[in-house]
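For the single chain, residues carry numbers from 1 onward in sequence order. Since we're looking at a predicted model, the values are computed, not measured.
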Amino acid sequence: QSLDVIMDGIREGRAVFANTMKYIQATLSSSFGNFYAVAIVSLFIDFLPMLPLQILLVNLLSDFPMISIAADRVGQAELRKPQGYHIKDILLLATILGIVSTVFDFIFFALFKDLTPSGLQTNWFIGSILTELVFLFSIRSHRSMFRGVRPAPVIVCLTLLAAVATVVIPFTSFGHNIFQFTSPTMPQLLTIGIVVIIYLVASEVVKLLYFKRQTAEAT
């Protein structure tokens, strides 16, 4: 029985480590992407691409589901052997996926640059959060998100809640008065949805290619 306790402790420690790595990779990739995009786009327009309060709301709504990743399920492959912190690999993957995120931020900017400042800010706000939310499901596993272990229910619930809040807030008087949003049109929301899906596919492809090459180099 005492050995079972030790084995359970080892598995729990490896699960905690795996979930910690998911959070670090998701946060770094999203942060790098947003930083690059806001910094570069600011050189081409005479207003802020996103207001400070809007950025705070982005962080709140996107980090809300990320916190729950501590309770996520972990695949058996991650529990079989101990893992280690490889700072170089973490930063390399975060930088690559951050560049992918930046490219899609530019796509949002190109699609909505002819709108009013509040219109651009609103649509970019929605797109930024939704891309971060779907990215969380991609980065959970080194395998395809459709072949990996199913996410914990709490992650799914909090992600759906954050996504609904992201879309609904710009339509409310609270969003208009406090965050200076304007109500997006249905074609704009449809455009954002399509770009988010394409972003998810692109992130999955880049992630799978990265880990495939990493596995090939290790063998």
Backbone N or O of [Y] within a donor-acceptor pair of the [X] side chain at under 3.5 Å?
X	Y	value
T122	T182	yes
K207	S141	yes
K113	F108	no
S68	P65	yes
T172	I169	yes
K22	I69	no

To check you understand the geometry: which heavy-atom pair defines the closest contact between [X] and [Y], and what is its length?
X	Y	answer
M50	S128	CE-OG, 3.9 Å
V134	T131	CG2-O, 3.2 Å
D89	Y210	O-OH, 3.3 Å
Q121	Q54	CB-OE1, 3.5 Å
W124	P49	CZ3-CB, 3.2 Å
H176	S183	NE2-OG, 3.1 Å

Quick check: do [X] and [Y] have side-chain heavy atoms less than 4.5 Å from each other?
X	Y	value
F135	S29	yes
L61	E132	no
T159	F64	no
V149	D72	no
L189	T185	no

Count I, L, V, M, F, W, Y as connected when their side-chain heavy atoms are under 4.5 Å apart, and connections chain through other members. Are [X] and [Y] then in the same cluster?
X	Y	value
M145	L209	no
V41	L48	no
L120	I107	yes
L93	V201	no
V195	I129	yes

Just verifying a value: how many Å separate [X] [atom1] and [Y] [atom2], rounded to the nearest 0.5 Å?
X	Y	atom1	atom2	result
R147	L208	CZ	CG	9.0 Å
R140	R150	CZ	CZ	10.5 Å
I24	L91	CD1	CG	10.0 Å
F125	L130	CZ	CG	9.0 Å
T27	D63	OG1	CG	6.0 Å
L133	T166	CG	OG1	6.0 Å

### Task
Please check if any side-chain donor atom of Q180 sits under 3.5 Å from a side-chain acceptor atom of S118, or the reverse.
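Per modelled atom types, Q180 and S118 side chains form no pair under 3.5 Å.
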### Task
Check the pair F137 / L200 against side chain to side chain contact (heavy atoms under 4.5 Å, CB included), numbers first and verdict last.
CA-CA 9 Å; F137 290 89; L200 177 59; 5.8 Å; no
### Task
Begin from the C-alpha positions of D105 and V38 and carry the test side chain to side chain contact (heavy atoms under 4.5 Å, CB included) through to its verdict.
CA-CA 9 Å; D105 278 328; V38 172; over 6 Å; no
### Query
What's in the same ILVMFWY side-chain cluster as I197, cut-off under 4.5 Å, chained through other members?
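Listed partners: none, I197 stands alone.
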### Message
Classify the ring geometry of Y199 against F104: parallel below 30°, tilted from 30° to 60°, perpendicular beyond 60°.
### Response
perpendicular
### Task
Classify the ring geometry between F174 and F179 as parallel (under 30°), tilted (30 to 60°) or perpendicular (over 60°).
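Rings of F174 and F179: perpendicular, over 60°.
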### Task
Quickly, which of N123, L57, I126 forms a side-chain contact (heavy atoms from CB on, under 4.5 Å) with F181? Name it, please.
L57
